[in-house]
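Worksheet: one structure, shown below.
Residue indices begin at 1 and follow the sequence shown.
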Amino acid sequence: MKKSVYQSYDELPLFLNAEMVAQVLGVSPSSGYELMHEPDFPVLRVGSCMVVPKEKFIQWVEEHTGGSG
């Protein structure tokens, strides 16, 4: 597993793209893209772009781990 480049949720931008999602989770970019296509993942589609609102991402992580950042 790769080490996350972020130390806290406070460092995250308001919206995350697939590459940022992968960096935060410490996984490969392809895993980030795959995750963003999962039905329960909180993606906002803007035209052909997909982004994840920071607060929804944090909520998703907490729901799937039972932890907090």
Side-chain angles (χ1 to χ4, degrees):
M1 181 177 199
K2 295 179 181 181
K3 182 173 170 52
S4 175
V5 297
Y6 299 99
Q7 300 301 310
S8 74
Y9 289 138
D10 294 335
E11 296 177 15
L12 298 176
L14 197 54
F15 293 93
L16 292 79
N17 61 23
E19 185 177 336
M20 290 177 197
V21 167
Q23 288 176 343
V24 171
L25 296 176
V27 298
S28 69
S30 61
S31 293
Y33 284 103
E34 286 178 29
L35 184 58
M36 290 183 76
H37 286 88
E38 290 292 318
D40 71 331
F41 198 72
V43 173
L44 173 63
R45 295 179 192 279
V46 182
S48 62
C49 295
M50 294 176 14
V51 293
V52 181
K54 172 182 172 175
E55 296 303 321
K56 295 291 185 181
F57 175 74
I58 294 168
Q59 181 181 2
W60 181 89
V61 170
E62 290 176 352
E63 288 172 359
H64 286 81
T65 62
S68 62

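Applying the ring pair (Phe, Tyr, Trp, His ring centres under 6.0 Å) criterion to His64, with sequence neighbours excluded, gives Trp60. Every side chain to side chain donor-acceptor pair (under 3.5 Å) that Ser30 has, sequence neighbours left out, goes to Ser28. Every side-chain contact (heavy atoms from CB on, under 4.5 Å) that Ala18 has, sequence neighbours left out, goes to Tyr33, Met36. In this structure Phe15 satisfies the ring pair (Phe, Tyr, Trp, His ring centres under 6.0 Å) test with no other residue, sequence neighbours excluded.
Pairs of residues two or more places apart, or lying in two chains, never qualify as side chain to side chain donor-acceptor pair (under 3.5 Å) while including a residue from residues 12-24.
Thr65 contributes a side-chain N or O that, together with a main-chain N or O of Val61, makes up a donor-acceptor pair within less than 3.5 Å.
Put simply, the side chain of Leu35 reaches to within 4.5 Å of the side chain of Leu25, judged on heavy atoms.
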Check residues 45-59 and write down every donor-acceptor pair under 3.5 Å in which the side-chain atom is one partner and the other belongs to a residue at least two apart or another chain.
unit_1: Lys54; atom_1: NZ; unit_2: Tyr9; atom_2: O; d: 3.2
unit_1: Lys54; atom_1: NZ; unit_2: Leu12; atom_2: O; d: 3.4
unit_1: Gln59; atom_1: NE2; unit_2: Glu63; atom_2: OE2; d: 3.2

